[in-house]
Amino acid sequence: MTRYIPNQDDQRRRMLERMGAGSFEDLLAPLPQEVRLDRELDLPGPVSELSLHRQMAGLARTNTGSEKVCFAGGGAYDHFIPAAVDHILSRSEFYTAYTPYQAEASQGTLQSIFEYQTMVARLCGMEIANASMYDGASAAAEAALMAIRVKRKDRVLVAGTLNPRWLRVIRTYLDRAGFFVGEVPFDDGGRLDEDALEAQMEDGFSALVVQYPDYFGQVFDLQPLAEKVHSRGGLLVVAADPVALAMLKSPGECGADIVVGEGQSLGIPLCYGGPYCGFMASRKKLARKMPGRLIGKTVDRAGETGYVMTLQTREQHIRREKATSNICTNQALSALTNCVYMALLGETGLREVARQCYQRTHYTVRRILEEVEGAAVVFDNPFFREAAVLLPASGEAVRDAMLDRGYLAGIPVPGLGEGALLLSATEKRTREEIDGLAENLAPVCREVAT
Amino acid sequence: MTRYIPNQDDQRRRMLERMGAGSFEDLLAPLPQEVRLDRELDLPGPVSELSLHRQMAGLARTNTGSEKVCFAGGGAYDHFIPAAVDHILSRSEFYTAYTPYQAEASQGTLQSIFEYQTMVARLCGMEIANASMYDGASAAAEAALMAIRVKRKDRVLVAGTLNPRWLRVIRTYLDRAGFFVGEVPFDDGGRLDEDALEAQMEDGFSALVVQYPDYFGQVFDLQPLAEKVHSRGGLLVVAADPVALAMLKSPGECGADIVVGEGQSLGIPLCYGGPYCGFMASRKKLARKMPGRLIGKTVDRAGETGYVMTLQTREQHIRREKATSNICTNQALSALTNCVYMALLGETGLREVARQCYQRTHYTVRRILEEVEGAAVVFDNPFFREAAVLLPASGEAVRDAMLDRGYLAGIPVPGLGEGALLLSATEKRTREEIDGLAENLAPVCREVAT
Amino acid sequence: MMLKGTLPTIFDRSHPGREGAALPELDVPETDAEELEGLLREGPIGLPEVTEGQCTRHYVTLSCRNYHIEQGIYPLGSCTMKYNPKFHETIARLPGFCGLHPELPDREVQGTLEILRRLSEMLGEITGFEAVSLHPAAGAQGELTGLMVIKSLLEDLGEKDRDEVLMPDSAHGTNPASAVLAGMKVVNLSSDSRGLVDLEDLREKAGPKTAALMLTNPNTLGLFESDILEITRIVHEAGGRVYMDGANMNALMGIARPGDMGFDVCHLNLHKTFSTPHGGGGPGSGPVACTSELAPYLPHPRVVRDDDGGYRLIDRGGQAFGRLLAFAGNVGVCLKAFAYVLSMGPEGIRSVSENAVINANYLKALLSQKYEIPYDRGPCMHEFVASGGRQKDAGAATLDIAKRLLDYGCHAPTVYFPLIVREALMIEPTETESVESLDAFAEAMLSIACEVESKPHLVTDAPVSTPVLRLDEVRAVKDLCVVEPWDRPERE
Amino acid sequence: MMLKGTLPTIFDRSHPGREGAALPELDVPETDAEELEGLLREGPIGLPEVTEGQCTRHYVTLSCRNYHIEQGIYPLGSCTMKYNPKFHETIARLPGFCGLHPELPDREVQGTLEILRRLSEMLGEITGFEAVSLHPAAGAQGELTGLMVIKSLLEDLGEKDRDEVLMPDSAHGTNPASAVLAGMKVVNLSSDSRGLVDLEDLREKAGPKTAALMLTNPNTLGLFESDILEITRIVHEAGGRVYMDGANMNALMGIARPGDMGFDVCHLNLHKTFSTPHGGGGPGSGPVACTSELAPYLPHPRVVRDDDGGYRLIDRGGQAFGRLLAFAGNVGVCLKAFAYVLSMGPEGIRSVSENAVINANYLKALLSQKYEIPYDRGPCMHEFVASGGRQKDAGAATLDIAKRLLDYGCHAPTVYFPLIVREALMIEPTETESVESLDAFAEAMLSIACEVESKPHLVTDAPVSTPVLRLDEVRAVKDLCVVEPWDRPERE
Ligand SMILES: Cc1ncc(COP(=O)(O)O)c(C=O)c1O
Ligand SMILES: Cc1ncc(COP(=O)(O)O)c(C=O)c1O
C-alpha cells in the first residue's frame, strides 16, 4: 500500500483470521460509533519521493535567508561543522535508537553521552554534567527551579544582561509554577547595577542567573559576583557560551554552582532555531537535585566497564510528581553532536575556534567604526564574540536593507538605542566578507537615515 | 601534523628508538642518493576543510551543466535515486572495506553481491552473472574476448547500431590483443544489413555483439538474430539497457549467450561518466571462461550458509598470465548500488520506471514533431527510451543554443544527418519540462538555421 | 569479530598534538587580547586530541554497541518505534532549511514558515482541533504547555482555585511531573477491572478544584477508553478541561479524533507517531493541539498566514502564556513530520493506524499462548501489556526476559510500566514491522517462556551476546561517576 | 546481540505487492505500446518486493557482517588500507559534480575539467612524469594502459617484434594478466637472495624481444629496489621501456619519484595511495603517468587547458591508442583524490610516506620477536612480509593465523603473496594507524603465536567470533551456485 507498510491485504487477512477477527472493523469494537471518523482525513498526498523532493526543494528556495552572509548571533551561531560529524550522526545505530532503556544493548549511546558529560563538565570547570536539556533557555529555567529546590526560596534573580529570549523562558517556567523572577537592571556602562542587586538580594532569593559573556558579548569577572551571591546565601547560575569557555576562565573556577548553556555552536546547524541542545553542569553535591538524565559508569557481571542511566530516582518515570523535572525525551542526538564536534576539534581546535571568533568579531567592529561615520560601540567593556554597535540609522531598517545586499548584519536591539545592532563573526566569516559588511553598511546607513 | 596522521613527534621518536633507528633518514638507506628528491614537492595546500569546501563549491558552480534539464542519454541517464540507496552506501562497513579476501569477515559485501548477481541474471534471463566490470563498454569488450576464448576464432562482429563509444572500446581491447573487429553496417531503415552480416559471418567469427535496444533506441526481436548467429557457430553477445529489460523480452529468452550492460541507470549518479558499473551475465556452461569475480554460496563448518569468492582459478591472482582477465579491483560499491536500487524499486517499481521512460520519451518525440516544423524521426521502428530525431538545423548548434535556455536537448549524431539529435526522457522529466523542450526547440531551430 | 567488554574512552585515545579538524588561518589583523587579562583560561580544558580517523573509528565502534531500528524489531510499548524514512533525513539537511539563522526576519524564511503553518493545519485535522502549537520540544514539554494553556484560561475565567489535575494510576510518569511543574496538584484515579478509568472514582473526584483530567487514549494498557464521551462530559460538567496525552496517537489516525471525543487539548509526539527518529533519546517534538477556547493561550511563537499569502511569525502580544524555548521549537524535526504526512497522504495515514492495530492484536494472540494478558477482554489498539507474572513465579523476572530477548536479536518491550500490571511487558510492534518479523519475535518470546520452565538460568544469566553482560545499576548509584576522572595538570 | 549464522536473502524477505519506492504518476498522455507486441517481457522478472524499511534493515544488517576501516586496523599488504576522509565523500556528492551528464559540452563542465587537469598535474609532480591519463578505472586497467602505450610507441618505432614483458616472480597477478591482455608474452625474472631483482637474470633476459620490464617498487616484499638505476639502464640499453607498478607509491611520496629512477611509465592506485575508499572491491582509479616520449599515445579522453584559461576535453585524433571505457574514467574517485592532495599539501604528502614507512618498520620490529621475517637485511618501506613458516611447522598455517586475527578484532594481512615467501603474511599498516593501534595488532599477532605453541586448536578452529565460521571454499566451486535459484512462475 505504501512504501513504509510491509503487510499486504492477503497477509492482513491471514493475521485477522489467526486472531479470530472477521475484519479490521471488528478490532474497533471498543470505539463508540459517535467518535469514529466517518470520512477520510482532509490531507494532501500521498506524494512520491521524487515529487516530495521537488516540493521541498521549492520551499527551501524560498528560504532566501540561508544564503545571506551571517553576522547574527544572539545565541545561535554560524559555525563550521566538519563532515565527520554528520557521518557519525547518520549512523542508524545512533539516530534510530530510543532512550537507552536496555543498557546492555545501548552502550553506544550511553558511553558517548558519558563522554559528552565529561567534556561539558571540563569545559564548565564543574564536577558533573547531565545528558542534555531541550535548549539553553529551558536549561536556564530548569537551573533556576533546581536552585529553588536547593535553597527553598521562591525567588530567583536574573541579570538584565541575559538574552531577553532566555529571560522570557525563565519567566514562563517560574511564573506558571508559582515562583518569582527579579530582574536586575544594568547601568549605562553595561554593568549590572550593584545597588539594585544588593536590594533584590535583601528580599531573599535562591539564585542569581547571569550570562557569561553576557548578551552583549561583554566579559566580566564572575568571581566577585559569586562571592557576593554566596555571601547572601544564594547560588550562582551561569549561562555560558561554550565556545567562550575555551578561552575564558571557567565559571567553575569563578565559583559558579550551576552552569547551563546552549550547545548549538558545537556542531549543530542553525536550522531556524532547533533542534539545539541545552547543557547543564553543577557541583557534585547538587547531583540529586539535578533535572534530566545522568549517565554513570559501572561494571558488568564480569567486571567489564559499562554505562547505565543513573540516579533515576530523580526522574519522572520513577518519582512521578516528586521528580526533579518532567523531562523524558531530551536532545540526545544533539548532545552526541556536541560530543563528536568537541572530540574532532579537540583541545587546540576549540581554542582556535574561540580565538578566531574573538579576533574576527573585533575586526568586524573595528572595520565598521572605520567605515561608518557616526557609528560607535554601545558599551566600552571587553567583549568576546558579540558586540552591540550603535549605527546612525534604525537598526531594523539597516538590517533589512543589508539583507538586500546579501548580508544578515545582526540583530536589532532597540532597547540599547534605535540604531543598536548586535553582531558577531565566527571563524567562517572571511576578511572579504567582513570588509564587505562594513563597506556596505556605510551607504546603507546613509540611505536608510534619509 | 595533519588531521589524518595520528603519530606525533614524540611517538615517532619512541618508535624509531624501538627499532634501533636514529632518525627517519636511516630508514631510507636502501634508496640511492641519486633518486632521492631533494626538494619539497610543488603542490598546493594544505588547506583546511572549510577552505576546501569553499574551493570545491566554487568549482562545482562552474559546472553549469548540472542544472540543465537533461534529455541526453546515450548510455547515461538522469534517473531518480531513492535516498535510501545512499544511506546504505554511506555505511563505512560497505564503502571502506577492501575486496572480500577474508570471507568470514566480509559476509556483508559477499551476500549483497551474490544478491546483485542474482538480480542481474534474472533481469537478463541468464543463468549466471559476475560481480561487476568497470563499465558497460569494457564489459562488452571483455565479453568479446570471452567469446574468443570459447570459440577460438580471432574475429568478433559488432553491429553498427552499437554505441560508437562502446565500439571504440571494443576495438581498442581487441586490436591491442591482436584480434579483429568486423563492423556490420545498418541500412537506411535503421536495421542491420543482413547481407553484410551474412558475408562477415562467412569469414569466421566468435561472436556478434549487438545492442538491445540499439544506440538509437530501436527495439528488434533478437531471436532471429540469435538463431542466425548460432547456426553459423558464433555466440550472441547482447549489450542491453537494464531498464529496458524490465519491459522487454529478456535476451536470455531470445537466445543470447552473454549479456552485458551499463548499470548506471540503476541508482548511480551521472557524475560526468564514472564511476559506473558494467554487468555481465551468461549461460552457466560458460562460467569458467568468464572474466571477473564471482561470488558463490557455500556453508561454514556448522552448516550455516555463507558466501565466498569462487572459481578463483580463473582470476589473475591465481592463474596469472592464464587468467580470464586482468581485472582485480572492480566496481563493487557500484554493484551494491545497483543491488539496493533494484531491491528498493522492486518488481513493480522497475517495471514502472521502464514504462515511464518509454512513455515520456514517446511523448517528447510527439511534442517535438508537433512543435518543430520540418522535424522528423530518423527511423521508423519501435523505440524504447531513446530516439533519433532529425531537426531542420545543425544538431550541435541546436544543442548549444538550447543549453542557453536551460536544456540539454540531446546528443548530436551527425552520422545520421546534420540535424540529427539523439534524445531520451526518463521518469524524472515532467510534462512541463518536455513541453518546454519542444516549445523552445521550435524558435531555436529557426534561429540556428538562419 | 566485534570486541566485547570494556572499550577505551575517547580520552584514552588522546595524545597531545593530534588534531581532527583544522581551521583556515586567521586572515584578519589581530587584536591583542590584553583587555581580557585575568579573565583568560589557564591550563588545558581537558578535551581529547585525536585525528579524524581515530574519532570516526571510536564513535563508529561505539555505535555498533547499540541496538537500533534498522537492526530489528524494537517493540518498546508507548514509544512507537517505527521506521524512519531516509529521504526525510535528506530534507532536513538541505542548506535552505538547516542554514537559517533564527533571527532572520520573516521574509527570508518563508519556506520554513509555510511548512510550520501547514504542518499545524495537518495536525489540527488529524486531531480534530482548531489550533496547534509546534513549540514544545518533546512530549513532556507538550504536556506542560497544555496544562499552562488550561491554567491561563482558568485564570482568565477567574477560576484560580482549580489546581487539581486528575489522572489514572496508569498514567505515564511525565503526566504527574508536568502537573507539578505547572504548579498544580496531582489527584490519582483508579482503574477499574476493565483497565479503564473508574467512572465512579472520577465522578467522586471531579469537582470545583478540578483544573483538568489528563488521560492517555488509548491508555497505557493499549485499551481505548470506551466511556470517553461520558468521561469528558463528567469533567466538563465539573468545570474542568480534558487533556489527552497523545503519545498513543498511532492507534487512531484517520479512525477517531481527540477533538471529537470531548478532549480540549492534546499533545502529539512527532518522534513517535510521525516517524521522526528518536536519536537515542531525542530530539523530539511535542506539538499541542487545542480547541478555539484554549487557542489564544498557546505559547509564542506562532505562524500565521497573511491575506497576501505571506507567512508571519507572531512572537509577542496577545494572551500567549509565554514561551518555553529560546526559538521556535525543534524545527528540523517538524520538517520531517511534514514530509511524512505528505508521503503518506490521507489513506496512508489511516492505514498506519490500521496496520498498527492489526499488528498488535496479532502479536497479542500469538503471545497469549504462554504469557498472561491482563485486562484482555477484547481487541487492544496499537499495543498491549502482557504480564511476566507466571514466569516470575517460575523464577525469571520480566527484567530477565527483557535481557534474554537481546540474545535473540530482538529489543525488549517496555518493562514494569504501567505500574498497575504485575511484571508488565508493554509491547508495541508498530505498523512498519512485517508479519514475518512479528512471527520471529513471538517465536523468541515463546521460546524464552519455555526456557524459563526448563533452563531458567539461560534467562536469568542473560544477556550473554551483548557487548557487556548484565550491568550493575546499584553500583552506578552508590559509586556515582558521571564524568571521567581527570588529573588536571597543575597550572604553571 | 547480532544474530550469527545464515541470514535470509533479500528474496526471502519479498512478498507480492510490497513497494520500497514509488514514482510520481505518469503525467503525459499515454501511447499504447502495441508496436512492441511480441517484444514485451512476459511473467515476472524475479526482483524482490520489499518496503524501504525492510530493504534498509536487510542491507544495514548485512553491512554489520563486514570488517571495515572504521572498525580497526586493516593491514592488507599491497592494499594501503588508510582512512578515507569524510569530507571528500561529501564533495563527490555535490550536485554540481554528480549531476553532470557525460555528453555535456566542455563549457558546461569547466569545474570538473579543471579538477581533472589539475589532478593530472599533481600526479605528474608526485611521480616525476610529464603526462598523466586519469582514464583507467583501476590499477589493472592502468597496467593495460601503460603497456598499450609502450606497444604503440614500439609499433611507431617499427619495433613490432618486441613483445616480451619481463617481470619478477614476486609480481602481482595483474602484471602477467595485463601483459597477456596487451597481446604480449610474460618472461619471469627471479629474485636474488636480497629479495630484489636478480641483475644477472635481468641482463640475460633483456634483449631485442624485450618490450618492457614491469617492476613494482618498492617491490611486493616491501623492499626498495636499490639497483633501480642499474635496472632501468639495462632495460633501456636493451631497447625496452620500464613500467612501474605504482601500487606501493605510499612509500615514496615526496621522498623519491619513479620519473627520477629511470622508469618510463607507471600507474597509481588512487584507491590506495590517495585515500579514496575501496568500496568493498571498487570502484577505484588507476591513473597512468609517463614520459614525454610515451605521452602522445595515452588514451582518450584527455583534458587540456587552452590559452584563454578554459579547459577542453580531447576525445579524438592524435596518436592515442584508443579508449578503455565509454567515458572519461572514474571521475568521482578523481574528485576525492584531488581533495586529498589539497588537504595534505606538499609537507603532508611527504609525511604520509614517512609515517607509513616508520609504522611498517616499527611493526616489523615488534613481530620479529615471534615471526620469521625473510629477506630482512635492513629497513623495509611501507610494508613487509613475514612468514608463518615457523608456525606452520608447529601446526597452524598462515591461513589459520589470518582467521584467528579476526577473533582478535583485527583484519588479517594479505596472505600467501608474494609467492616467493613461504606462508607469507604481507603486512601494510599505513600512516593513518596510531602507534597504539600498531601495539594492539602486534600484541594480537604475538599472542596468536603463543597460542600456536600451546593451544593450536584455538588457531586452527578460528574464527569463532565472526557471523559465520570457516567457510568451505571447495564446496563453493564444486556445487557452483552464483545466483539464488528461482522457480520462475509459469507464464499464463
Ligand atoms: C504515554 C506517554 N506520555 C508522555 C511521554 C513523554 O514524551 P516525551 O518523551 O516526548 O517527553 C511518553 C514517552 O515515553 C509516553 O509514552
Ligand atoms: C602490486 C599491485 N599491482 C596491481 C594491483 C591491481 O590494482 P587494482 O586492484 O586497482 O586493479 C594491485 C592491487 O591489489 C597490487 O597490489
Side-chain angles (χ1 to χ4, degrees), chain B residues 2 6 15 19 27 30 41 43 45-46 59-60 62-63 65-66 82 88 91-93 96-97 99 104-105 107-109 118 121-122 134 137 165 172 177-178 269 271-275 296-298 300-301 304-306 310 316-317 320-321 323 326 329-333 344 346-347 362-363 382, chain D residues 5-6 20-21 27-28 31 35 46-47 49 59 62-63 65-70 94 96 98-100 102 104 108 110-111 137-138 140 173 176-178 183 186 224 277 279-284 322 326-328 330-332 342 345-346 348 362 365 379 434 466 468-469 471 476 481 483-484:
Chain B
T2 94
M15 293 166 80
M19 59 183 103
L27 302 182
L41 287 169
L43 295 173
L59 286 163
T62 67
N63 280 335
S66 68
I88 290 164
R91 302 270 309 166
S92 31
E93 285 85 343
T96 77
T99 301
E104 295 83 0
Q107 288 297 300
T109 296
T118 304
R122 291 184 184 179
Y134 299 132
R165 292 175 175 273
T172 304
C271 203
Y272 199 57
K297 196 189 263 203
T298 186
D300 75 359
R301 283 190 178 169
E304 299 285 334
T305 302
T310 193
Q316 45 73 27
H317 62 288
R320 302 178 72 84
E321 58 260 45
N326 70 336
T329 291
N330 56 21
Q331 306 277 117
L333 196 72
L344 274 171
E347 182 77 24
H362 281 74
Y363 178 72
Chain D
T6 309
D27 63 351
V28 302
T31 315
E35 55 169 10
L47 293 182
E49 295 176 76
Y59 290 106
L62 276 186
S63 80
R65 299 188 153 213
N66 266 8
Y67 190 94
H68 59 117
I69 194 74
E70 289 176 18
L94 292 177
C98 73
L100 285 189
L104 279 160
E108 301 284 338
Q110 285 295 304
S178 297
V186 174
F224 190 87
F327 300 110
N330 282 346
V331 176
L342 278 183
Y362 177 70
S434 65
T466 43
V468 291
L469 305 180
L471 289 160
C481 169
V483 308
E484 185 70 7

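Each chain gets a letter, A, B and so on, in the order the sequences are listed, and its residues count up from 1.
Annotation: maximal heavy-atom pairing with chain B below 4.5 Å, among D:G183, D:A138, D:G99, D:P283, occurs at D:P283. Interface summary for chain B: among D:G46, D:A365, D:S63, the most heavy-atom pairs under 4.5 angstrom belong to D:S63. Looking only at heavy-atom pairs under 4.5 Å with chain D, the residue among B:G45, B:P6, B:A137 that has the most is B:P6. Ranking B:K297, B:M15, B:H317 against chain D, the residue ahead of the rest is B:M15, based on heavy-atom pairs under 4.5 Å. Each of D:V186, D:L104, D:L62 has some count of heavy-atom pairs under 4.5 Å with chain B, and the biggest count is that of D:L62. Of all the listed residues (B:P269, B:G178, B:G108), the one sharing the greatest number of non-hydrogen pairs under 4.5 Å with chain D is B:G108. Contact count against chain B (heavy-atom pairs under 4.5 Å) is highest for D:C481 among D:A328, D:A21, D:C481, D:A137. Ranked by heavy-atom pairs under 4.5 Å with chain B, the first of D:G322, D:S178, D:G280 is D:G280. Between chain B and the options D:G279, D:G20, D:G96, the largest number of non-hydrogen pairs under 4.5 Å is found for D:G279. Counting heavy-atom pairs under 4.5 Å between each of B:G346, B:P46, B:A60, B:A121 and chain D puts B:P46 at the top.
With a 4.5 Å cut-off on side-chain heavy atoms, D:V483 and B:R122 do not count as touching.
Taking all atoms of both residues into account, the shortest heavy-atom contact from B:N63 to D:Q110 is OD1-N, 3.5 Å. Summarising the geometry of D:V331 relative to B:Y272, their closest heavy-atom pair is CG2-O, 3.5 Å, with the distance given to 0.1 Å. Of all heavy-atom pairs between D:L469 and B:D300, the closest is N-OD2, 2.7 Å. Nearest heavy atom pair, residue B:E347 against residue D:L47, reads OE1-N, 2.9 Å. For D:P176 against B:R320, the heavy-atom pair with the smallest separation is CG-CB, 3.7 Å. Of all heavy-atom pairs between B:S66 and D:L100, the closest is N-CD2, 3.3 Å.
Residues satisfying the salt bridge (charged side-chain N to carboxylate O under 4.0 Å, His left out) test with B:E93, not counting sequence neighbours, are A:R91, B:R91. A search for side chain to side chain donor-acceptor pair (under 3.5 Å) contacts involving D:E35 returns B:Y358, B:H362, not counting sequence neighbours.
For the 3.5 Å distance criterion, the side chains of D:T466 and B:E104 fail to qualify, holding no donor opposite an acceptor.
Between the OG1 atom in B:T298 and the CG atom in D:L471 there is a gap of 6.5 Å [rounded to 0.5 Å]. Distance check, rounded to the nearest 0.5 Å: CD of D:E108 to OG1 of B:T62 gives 10.5 Å.
A donor-acceptor distance shorter than 3.5 angstrom exists from the side chain of B:R165 to the backbone of D:A326, with no hydrogens or angles considered. Remark: the backbone N or O of D:I69 is paired with a side-chain donor or acceptor of B:T96 at under 3.5 angstrom. In this structure, the side chain of B:E304 engages the main chain of D:T6 through a donor-acceptor pair within 3.5 Å.
For B:L27, the parts sitting under 4.5 Å from any heavy atom of chain D are the backbone and the side chain alike.
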